[in-house]
There are 2 protein chains.
Amino acid sequence: MQLRGPVEWALHCCAVLAGLAPDRYLPTRDLADFHGVPKEYLSKALQALSQAGIVEGTLGPAGGYRLTRAPDRITFLDVVEAVEGRAPTFVCTNIRRNFPCLTATEKSQCTEARPCAVARVMWQADRAWRDSLRSVRLSDLLKTLSTDLSPGLQRRAAAWLDEHS
Amino acid sequence: MQLRGPVEWALHCCAVLAGLAPDRYLPTRDLADFHGVPKEYLSKALQALSQAGIVEGTLGPAGGYRLTRAPDRITFLDVVEAVEGRAPTFVCTNIRRNFPCLTATEKSQCTEARPCAVARVMWQADRAWRDSLRSVRLSDLLKTLSTDLSPGLQRRAAAWLDEHS
DNA sequence: TCATTACGGATATACGGTATCCTTAAGGAT
DNA sequence: ATCCTTAAGGATACCGTATATCCGTAATGA
Ligand code: SF4
Ligand code: SF4
């Protein structure tokens, strides 16, 4: 069970986009260069964000991506689910149905609508994970970053993004 | 990001073992037959549980596995971590170090000891997930099962396990 | 002694993640 | 009107890991 590269990239890209001037578009190439990740592959993650309605892209020169709404209306869960999907981490293969001592009627009751105790516990934990991610917004990340990063670095990063427009 | 078969099997096996008479050993073959899963593969999950000290195996005829301690001292997290490992779900590849505007000293400060804001949020969610799993014990599962399952099915399951000794 | 069992190494296979390439359509600049 | 740039998305090759099986070994009780 592991989250992979694209999720991390997407989160960092959103952080960069959130710090940009409003209405400013940033192309995939710049985001890829800035993070040092393959452009074509990062593009897939950005497309996922676009399909989820978190960012929107525009074509042509001076095109690229920007956020569709304010950073305080985008949660970590939004980004993670956009890239990683909304499938629950625990998948029930319905082992129950294999029990050798089931009657036909009991076997027919083993449906998705009646999940067993094990699945309920695992899904509750899944919900706790998602609730935690939902409780942090992109604006919170920006605030943390502004205290974590030195003013000099923040200025240099902004300058780098400016000259690559 | 997905939990796979062996975790589900391990949880169900623990539930069965918890319902057994104390000091009774149940071999891998019976556990595999009861759940309808491949015996050799299930064996790997049981070995993981054994290494984690949740179950213990004994050799020879009438051998098999049993729990090492009472069901109220085994949590879901114990079982999940034994099979799935203790690695955090979010792996930080240290993208920061690729930022084009870092000085040498800043780059050297990007260590595991100083995780960035993104990683901290993801790990907090990971902790929430584990806390949720830790809060449910095997004894809780048994209690739920005893009310969920019909008395007839419980009797039949116990009988099946008895005649396969 | 013998059958049975856990244990762990080795191995084969399948699947999904990783990464790249290419085509298409659309927007802006000239 | 034309050209360049860019998102969008399909196709594909590659690789690693998960899945699954097999076998040898040691230990245990009958
Ligand atoms: S987790 Fe529950 S629902 Fe899923 S297979 Fe196991 S018993 Fe059935
Ligand atoms: S998550 Fe944070 S620590 Fe991990 S790579 Fe991204 S910036 Fe660095």
Side-chain atoms of A/Q51 come closest, of D/dG9, C/dT4, D/dA26, to D/dG9

With a 3.5 Å cut-off and heavy atoms only, can you find an N or O donor on one side and an acceptor on the other between the side chain of A/K44 and the base of C/dG17?
no

Whole-Å distance, B/R24 CZ to C/dT5 P, equals 12 Å

Out of D/dT6, D/dA8, C/dT5, minimum distance to the side chain of A/L59 belongs to D/dT6

B/P61 has its side chain closest, among C/dT5, D/dG29, C/dG28, to D/dG29

Result for 5'-nearest mapping on DNA chain D, choosing between A/G63 and B/G60, is A/G63

B/Y25 atom OH is separated from D/dA30 atom P, nearest whole Å, by 13 Å

Report yes if at least one side-chain N or O of A/T58 is closer than 4.0 Å to OP1 or OP2 of C/dG27; otherwise report no. no

A/E56 atom CD is separated from D/dT6 atom C1', nearest whole Å, by 15 Å

Of D/dC23, C/dC21, D/dA20, the nucleotide closest to the side chain of B/W9 is D/dA20

| query | At under 4.0 Å, does any side-chain N or O of B/Y41 touch on OP1 or OP2 of D/dT21? | reply | no

Test side chain to side chain contact (heavy atoms under 4.5 Å, CB included) applied to B/F76 and A/M122, step by step
CA-CA 9 Å; B/F76 267 62; A/M122 297 302 287; 4.0 Å; yes

A/R66 atom CZ is separated from D/dA7 atom C1', nearest whole Å, by 14 Å

Whole-Å distance, A/I54 CD1 to D/dA7 C1', equals 17 Å

| query | Under 4.0 Å between a side-chain N/O of A/T28 and OP1 or OP2 of D/dT6, yes or no? | reply | no

> Does the distance from a Lys or Arg side-chain N to an Asp or Glu carboxylate O, for A/D78 and A/R69, drop under 4.0 Å?
Replying inline: yes

Whole-Å distance, B/K39 NZ to D/dT19 P, equals 20 Å

- Are OP1 or OP2 of C/dC7 and a side-chain N or O of B/Q47 less than 4.0 angstrom apart? no

Can you confirm if the aromatic rings of B/Y65 and B/Y25 lie within a centre distance of less than 6.0 Å?
no

From CD of A/E40 across to P of C/dT24 the rounded distance in Å is 16 Å

Here the distance between atom P of D/dA20 and atom CG of B/L42, to the nearest Å, is 12 Å

B/D162 with B/R24: basic N within carboxylate O range, under 4.0 Å:
yes

### Touch class at under 4.0 angstrom, heavy-atom based, for A/S43 against every strand present
nothing

Using a strict cut-off of less than 4.0 Å between a Lys/Arg side-chain nitrogen and an Asp/Glu carboxylate oxygen, indicate whether B/D131 and B/R127 qualify as a salt bridge.
no

Winner on side-chain proximity to B/P27, out of C/dA6, D/dA7, C/dC7, is C/dA6

